[in-house]
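Working notes, structure below.
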Amino acid sequence: QVQLVESGGGLVQAGGSLRLSCAASGRAFTSYNMAWFRQAPGKEHEFVGGIRRSGTSTYYGDSVKGRFTISRDNAKNTVYLQMNSLKPEDTAVYYCAADRRWASPPARRSEYDYWGQGTQVTVSS
């Protein structure tokens, strides 16, 4: 029902910034809650941030609070993750996810039905 494609990942030095984008295609984008997860090598998926359908409520994992900002532009069917003050421990594959049902943060991977392919973010020391 919805396809998600992430972009914007890359290599950045510690303290730098990146903005990830998640382009959604399909019907009724505004009916989906959106989230970002990340997975570092050998580790489980970690909830990064979530945003409700309206975009008025946002939530963040403890490790990124104050540094990352999630937003959405429903007119463009796009969700963003602005990442500032990046740290080496932020290195991971970042995934965009969508679901019609809201999962109370910190959400689990199984609580989201639709996923993008992921984009690699590497933060060097």
Side-chain angles (χ1 to χ4, degrees):
Q1 294 184 10
V2 62
Q3 299 180 68
L4 307 173
V5 180
E6 302 97 333
S7 63
L11 176 65
V12 64
Q13 292 184 343
S17 298
L18 284 174
R19 188 178 76 159
L20 305 183
S21 298
C22 174
S25 61
R27 298 179 179 178
F29 173 73
T30 57
S31 69
Y32 290 94
N33 305 292
M34 306 296 296
W36 289 94
F37 291 79
R38 66 186 183 185
Q39 186 175 34
K43 296 185 178 180
E44 297 180 349
H45 278 242
E46 177 188 14
F47 174 79
V48 176
I51 187 166
R52 290 210 180 218
R53 298 179 181 92
S54 66
T56 58
S57 298
T58 58
Y59 308 85
Y60 300 95
D62 290 340
S63 64
V64 305
K65 287 180 180 178
R67 299 189 298 120
F68 291 10
T69 303
I70 187 171
S71 62
R72 67 190 295 163
D73 187 340
N74 288 339
K76 296 182 178 180
N77 287 7
T78 302
V79 178
Y80 304 96
L81 183 68
Q82 178 66 46
M83 305 185 295
N84 299 326
S85 301
L86 283 162
K87 304 175 181 179
E89 49 264 46
D90 295 318
T91 296
V93 177
Y94 284 71
Y95 297 92
C96 178
D99 203 279
R100 293 181 181 271
R101 300 172 63 187
W102 176 250
S104 180
R108 300 185 300 273
R109 183 184 184 184
S110 61
E111 295 175 315
Y112 280 80
D113 289 339
Y114 304 99
W115 292 81
Q117 82 288 350
T119 185
Q120 177 70 48
V121 173
T122 303
V123 184
S124 62
S125 300

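What you are looking at is a predicted structure, and each value in this text was computed from that prediction instead of being measured. All residue numbers in this chain count up from 1 along the given sequence.
- Between W102 and Y59, the ring-plane angle classifies as tilted under the 30° and 60° cut-offs.
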Could you go step by step and tell me if Q117 and V5 meet the side chain to side chain contact (heavy atoms under 4.5 Å, CB included) rule?
CA-CA 6 Å; Q117 82 288 350; V5 180; 4.0 Å; yes
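- A donor-acceptor pair under 3.5 Å is formed between the side chain of D99 and the backbone N or O of D113.
- A salt bridge does not link D90 to K87: none of the charged nitrogens lies less than 4.0 Å from a carboxylate oxygen.
- The neighbour count for Q3 CD, taken as heavy atoms of other residues, nucleotides or ligands under 6.0 Å away, does not exceed 12.
- Heavy atoms only, all atoms of each residue included: A28 and S31 are closest at O-OG, 2.6 Å.
- Pairing each heavy atom of S85 with each of R67, the nearest pair is O-NH1, 3.0 Å.
- Using a 4.5 Å cut-off between side-chain heavy atoms of Ile, Leu, Val, Met, Phe, Trp and Tyr, with links allowed through other members, M83 and Y80 fall into different hydrophobic clusters.
- Not one N or O on the side chain of T56 forms a donor-acceptor pair closer than 3.5 Å with the backbone of S54.
- Side-chain atoms of E6 come within 3.5 Å of backbone N or O of C96 as a donor-acceptor pair.
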Report the C-alpha separation of W115 and R109 in whole Å, then their side-chain angles, then the decisive distance to 0.1 Å, and conclude whether the side chain to side chain contact (heavy atoms under 4.5 Å, CB included) test is met.
CA-CA 9 Å; W115 292 81; R109 183 184 184 184; 3.1 Å; yes
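- Expressed to the nearest 0.5 Å, how far CZ of R108 lies from CD of E44 amounts to 11.5 Å.
- In this structure, OG in S57 is found 11.5 Å from CD1 in I70, a value given to the nearest 0.5 Å.
- Between Y114 and Y32, some side-chain heavy-atom pair lies under the 4.5 Å cut-off.
- The CZ atom of R72 sits 12.0 Å away from atom OG1 of T58, with the distance rounded to the nearest 0.5 Å.
- Within 6.0 Å of CD on E89 lie more than 12 heavy atoms contributed by other residues, nucleotides or ligands.
- Nearest heavy atom pair, residue A40 against residue A92, reads N-CB, 3.7 Å.
- Here the closest non-hydrogen pair linking V2 and A98 is CG1-CB, 4.4 Å.
- Residue R52 qualifies as enclosed at atom CZ: its count of foreign heavy atoms under 6.0 Å is above 12.
- Using cut-offs of 30° and 60° on the angle between ring planes, the pair F37 and F47 is perpendicular.
- Hydrophobic cluster membership differs between Y95 and L4, with clusters built from Ile, Leu, Val, Met, Phe, Trp and Tyr side chains linked at under 4.5 angstrom.
- Note that the CD atom of Q120 and the OG1 atom of T91 stand 7.0 Å from one another [nearest 0.5 Å].
- The shortest non-hydrogen separation linking R38 to F68 is NH1-CE2, 4.0 Å.
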Name the atoms and distances for all side-chain donor-acceptor pairs under 3.5 Å in residues 15-24, with sequence neighbours left out.
residue : atom : partner : partner atom : Å
S17     : OG   : N84     : OD1          : 2.9

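- Here the CE atom belonging to M34 is positioned 11.5 Å from the CG atom belonging to L81, to the nearest 0.5 angstrom.
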